[in-house]
There are 2 protein chains.
Amino acid sequence: MSLRHALLGLLAHGSASGYDLLGTFQGSLANVWPATQSQLYGELNRLADAGLISVVAEGPRGRKEYAITDTGRAELQRWLTEEEPERNRRNDMLLRVFLLDLVEPAQARAFLDREAALAAERHESLRKLDESIEWDDSPLSRYGRLTLEWGLRATAMHREWAEWAAARIDAGGRRRGG
Amino acid sequence: MSLRHALLGLLAHGSASGYDLLGTFQGSLANVWPATQSQLYGELNRLADAGLISVVAEGPRGRKEYAITDTGRAELQRWLTEEEPERNRRNDMLLRVFLLDLVEPAQARAFLDREAALAAERHESLRKLDESIEWDDSPLSRYGRLTLEWGLRATAMHREWAEWAAARIDAGGRRRGG
DNA sequence: CTTTGATATGTCAGTAGTGACATGTGCGCG
DNA sequence: CGCGCACATGTCACTACTGACATATCAAAG
């Protein structure tokens, strides 16, 4: 149920409409906690029903501006400090590696090459993003930078691993022969 | 729908019952693609209905032994070589880091310390697992080792990042003062 | 012989997330 | 003035996954 807390967290930084929040989810939050429009509007209504947020203004085109309530802030604090983060262990890519003995070594090698290339691409795109942002001393800037750094390190690690693994497949093939 | 392909992949290595497969999902596959019992039995029936697997023997206690069919093998091949792995971007832990400016620096620091400690623990447990397994030249051994190595590198990276981030929070606090 | 635990499969209600569809409005540009 | 795009919210059917419940059997230990 982290979407709930993501919304509370964003609203804790300032009131906003569903549409505004959607923009954030498709922007800076896309790499951390993506959400679809339908899910978002539904959750906002549920949060309002539960009294964790409330409509503070209505604008043109039916726009509803939400703000976090005291109850909502308390819940957010509780979540941040007391609740253990859910570790998402499912990894489609690793599942495939686990089963990679079912295809020819050349295909396994191609798979890992592709992983390495994609990780490199993703790393580069994060690096550019990092450069393009004007980081300042604001709290959001400080912690946003930490998450981006995680992405940089994760993509670097993934690339190195894939290259190592690809080389190991070649070595394994040779070992079988000799 | 990767559970489907995980099951096909396991059955491609040899026929087994739902109960056997459940053991694998709670064992070696737990860190890659966990699945509950209810989900597993349901999917096996759906796979059999679709003709991707078939019951090849019935044992005591209603045991049903499944084997992969040619259609199933073809589908597995297609999945492994043609379908792009789903990248799971949702990360509860990173979402919290992103919102960590909402709590006191000391609490943020504690959060990251805990992350570092947990990553170290997980790394150590994987290292022991690695040592305890007698890796041979079998294909399953070779590719299983690659996934484990990914885990080792991921936990190491995560720990280093958390330690770096914790230090950065301290530095940020001082910078604000000076 | 009885009890216990591992083997073995199944159902069900509920939650989270997806993608498509539906609908209407205000703003700026030509 | 009217056209199109961005703004803005909502519904719906479907899929994946979870945790709890239900049920029965065989083997071994006491």
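Keep in mind that the numbers below use all heavy atoms, side chains included, and drop hydrogens, waters and symmetry copies. Order of the sequence lines sets the chain letters (A, B, ...), proteins ahead of strands, with each chain counted from 1.
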Take atom CZ of Arg78(A) as the centre, draw a 6.0 Å sphere, and report whether it contains more than 12 heavy atoms from other residues, nucleotides or ligands. yes

Glu43(A) CD to dT15(C) P: how many Å, rounded? 11 Å

Rounding to a whole Å, what distance do you find between Leu22(A):CG and dA8(D):P? 11 Å

Do Ser38(A) and dG17(C) have a side chain to base donor-acceptor pair shorter than 3.5 Å? no

Hey, are Arg122(B) and Thr155(B) close enough side-chain-wise for a donor-acceptor pair under 3.5 Å? no

Verify the contact: side-chain N or O of Tyr41(B) to OP1 or OP2 of dT9(C), cut-off strictly under 4.0 Å; return yes or no. yes

How would you label the contact of Arg4(B) with the nucleic acid (heavy atoms, under 4.0 Å): base, sugar-phosphate, or nothing? nothing

Answer with yes or no whether the side chains of Trp135(A) and Asp130(A) bring together a donor and an acceptor at under 3.5 Å. yes

Check: Asp101(A)/His13(B) side-chain N/O donor and acceptor closer than 3.5 Å: yes

Measuring to OP1 and OP2 of dT18(D), would you say a side-chain N or O of Gln39(B) lies under 4.0 angstrom away? yes

Check the distance between dA8(C)'s C1' and Gln37(B)'s CD and give it to me in whole angstrom. 9 Å

Examine the side chains of Glu65(A) and Ser15(A) and answer whether a donor and an acceptor come within less than 3.5 Å of each other. yes

Length of the CD-P vector between Gln26(A) and dA8(D), whole Å: 14 Å

Taking only the side-chain nitrogens and oxygens of Arg90(B), find out if one of them lies under 4.0 Å from OP1 or OP2 of dT18(C). yes

Between CZ of Arg46(B) and P of dT11(C) the distance, given in whole Å, is 10 Å

Measure the distance from CZ on Arg89(A) to C1' on dC17(D) and round it to the nearest whole Å. 13 Å

For Asp92(A) and dC17(D), give me the distance from atom CG to atom P, rounded to whole Å. 10 Å

Hey, which of these two, Leu3(A) or Glu65(B), hits DNA chain C nearer its 5' end, going by closest nucleotide? Glu65(B)

Reckon Arg61(A) has a side-chain N or O less than 4.0 Å from the OP1 or OP2 of dG26(C)? no

Leu44(B) atom CG is separated from dC17(D) atom P, nearest whole Å, by 14 Å

